[in-house]
Student: 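Input: one structure, supplied below.
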Amino acid sequence: MSTDPLRSLDDPDHPVLTMSQAAELLGVQAAFLRSLDSAGVLYPHRSAGGHRRYSRHQLELAARVRGLLDDGHLLGSAQVIVQLQDDLAAAQDDVQAAREDVTTARAERDTARQQLRGRP
């Protein structure tokens with residue numbers, strides 16, 4: 001069975017962009033991406049030749065950090081803000097899932113009550 005060689009392009013974590021392509025898409029200098037790498041904010045993949053390769057998710061992260069830097073935040077605070085934003089989004093997803101579980105449990109409870117009331 002063969003696989004579609006283009007399928008990996010749909011994966012947002014697949015590293016397909018070179019540093020110059022990523023920098024051009026973000027409208028930044030390559031030095032900015034290198035600084036995120038050296039600061040431990042972003043960990044680009046490495047090609048067999050040792051060149052950095054970036055995924056869509058990594059570009060999104062770099063763009064978020066860039067926006068915070070443009071707003072006047074230091075790199076360290078931008079990194080913390082991005083982490084807190086991600087933590088908040090995950091917590092909100094957890095809350096939504098818990099709400100859906102409660103709704104399902106209440107519906108099951110109500111169904112069970114109705115079934116019990118219908119018994120002779």
Side-chain angles (χ1 to χ4, degrees):
M1 184 171 129
S2 67
T3 60
D4 181 0
L6 299 177
R7 186 179 185 144
S8 62
L9 295 175
D10 295 333
D11 180 358
D13 291 315
H14 185 69
V16 294
L17 298 170
T18 65
M19 177 180 286
S20 61
Q21 291 170 324
E24 183 176 336
L25 283 171
L26 294 173
V28 299
Q29 298 292 318
F32 172 71
L33 294 173
R34 279 193 292 273
S35 72
L36 295 182
D37 185 8
S38 63
V41 175
L42 195 63
Y43 300 99
H45 300 272
R46 298 284 180 161
S47 69
H51 299 283
R52 291 174 177 90
R53 295 288 186 261
Y54 295 89
S55 69
R56 188 176 344 144
H57 275 159
Q58 290 172 324
L59 263 56
E60 290 169 358
L61 174 61
R64 290 169 62 197
V65 171
R66 181 67 203 185
L68 290 166
L69 294 175
D70 288 346
D71 288 343
H73 294 279
L74 299 174
L75 181 57
S77 64
Q79 189 175 5
V80 170
I81 290 168
V82 165
Q83 183 61 53
L84 291 172
Q85 289 172 334
D86 290 346
D87 290 348
L88 177 60
Q92 289 172 332
D93 288 346
D94 290 346
V95 167
Q96 182 60 36
R99 286 183 177 146
E100 291 170 6
D101 288 347
V102 167
T103 299
T104 299
R106 285 181 177 155
E108 290 173 359
R109 178 200 61 199
D110 293 344
T111 299
R113 283 181 177 168
Q114 289 174 353
Q115 289 173 346
L116 288 173
R117 288 184 189 131
R119 287 187 176 179

Student: Let's go through Gln92 and Val95 carefully: what are the C-alpha distance in whole Å and the side-chain angles of both, what is the deciding distance for side chain to side chain contact (heavy atoms under 4.5 Å, CB included) to 0.1 Å, and is it a yes or a no?
Tutor: CA-CA 5 Å; Gln92 289 172 332; Val95 167; 5.6 Å; no

Student: Can you tell me how far CD of Gln79 sits from CG of Leu69, rounded to the nearest 0.5 angstrom?
Tutor: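 If we round to the nearest 0.5 Å, Leu69:CG and Gln79:CD are 10.5 Å apart.
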
Student: Identify the two heavy atoms, one from Leu33 and one from Ala22, that lie closest to each other, and give their separation to 0.1 Å.
Tutor: CD1-CB, 3.7 Å

Student: Within the 4.5 Å heavy-atom criterion, are Val102 and Arg99 side-chain neighbours or not?
Tutor: no

Student: Less than 4.0 Å between a side-chain N and a carboxylate O, is that true for Asp37 and Arg46?
Tutor: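 Yes.
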
Student: Do Gln96 and Glu100 have side-chain atoms, one donor and one acceptor, less than 3.5 Å apart?
Tutor: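 Yes, a side-chain donor-acceptor pair sits under 3.5 Å.
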
Student: Transitively linked via ILVMFWY side-chain contacts under 4.5 Å: Val41 with Tyr43?
Tutor: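 Different clusters: Val41 never reaches Tyr43 through Ile, Leu, Val, Met, Phe, Trp or Tyr contacts under 4.5 Å.
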
Student: What's the spacing between Glu24 CD and Leu17 CG if we round to 0.5 Å?
Tutor: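 With rounding to 0.5 Å, CD (Glu24) is 10.5 Å from CG (Leu17).
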
Student: Who else is in the cluster with Val80 when I, L, V, M, F, W and Y are joined by side-chain contacts under 4.5 Å?
Tutor: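 Reading the cluster by chain and number, Val80 sits alongside Leu84.
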
Student: Donor-acceptor pair, Ser77 side chain versus His73 backbone, under 3.5 Å?
Tutor: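 Answer holds: no.
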
Student: Look up atom OG in Ser47 and atom CE in Met19, then write down how far apart they are to the nearest 0.5 Å.
Tutor: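 These two atoms lie 11.0 Å from each other.
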
Student: Above 12 or not: heavy atoms from other molecules or residues under 6.0 Å from CZ of Arg109?
Tutor: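 Yes, because the 6.0 Å sphere around CZ of Arg109 holds more than 12 heavy atoms from other groups.
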
Student: Find out whether Arg53 and Gln58 are in side-chain contact, i.e. whether some heavy atom of one side chain is under 4.5 Å from a heavy atom of the other.
Tutor: no

Student: Is any side-chain heavy atom of Tyr54 closer than 4.5 Å to a side-chain heavy atom of Leu42?
Tutor: yes

Student: Identify whether the distance between the nearest side-chain nitrogen and carboxylate oxygen of Asp70 and Arg66 falls below 4.0 Å.
Tutor: yes

Student: Taking atom OG of Ser20 and atom NE2 of His51, what is their separation to the nearest 0.5 Å?
Tutor: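 Separation between the atoms: 10.5 Å.
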
Student: Could you give me the CA-CA distance, side-chain angles and deciding distance for Arg34 and Arg52, then say whether side chain to side chain contact (heavy atoms under 4.5 Å, CB included) is met?
Tutor: CA-CA 9 Å; Arg34 279 193 292 273; Arg52 291 174 177 90; 3.6 Å; yes

Student: Looking just at side-chain N and O atoms, do Gln85 and Arg64 make a donor-acceptor pair shorter than 3.5 Å?
Tutor: yes

Student: Less than 3.5 Å apart, any donor N or O on the side chain of Thr18 or Gln21 sitting next to an acceptor on the other?
Tutor: yes

Student: Taking side chain to side chain contact (heavy atoms under 4.5 Å, CB included) as the criterion, tell me which of Leu61, Val28, Val65 meets it with Leu36.
Tutor: Val65

Student: Among side-chain atoms of Gln83 and Asp87, is any donor-acceptor pair under 3.5 angstrom?
Tutor: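 Yes.
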
Student: Please list, chain by chain and in numerical order, all residues satisfying side chain to side chain contact (heavy atoms under 4.5 Å, CB included) with His57, sequence neighbours excluded.
Tutor: Pro12, Asp13, Ser55, Glu60

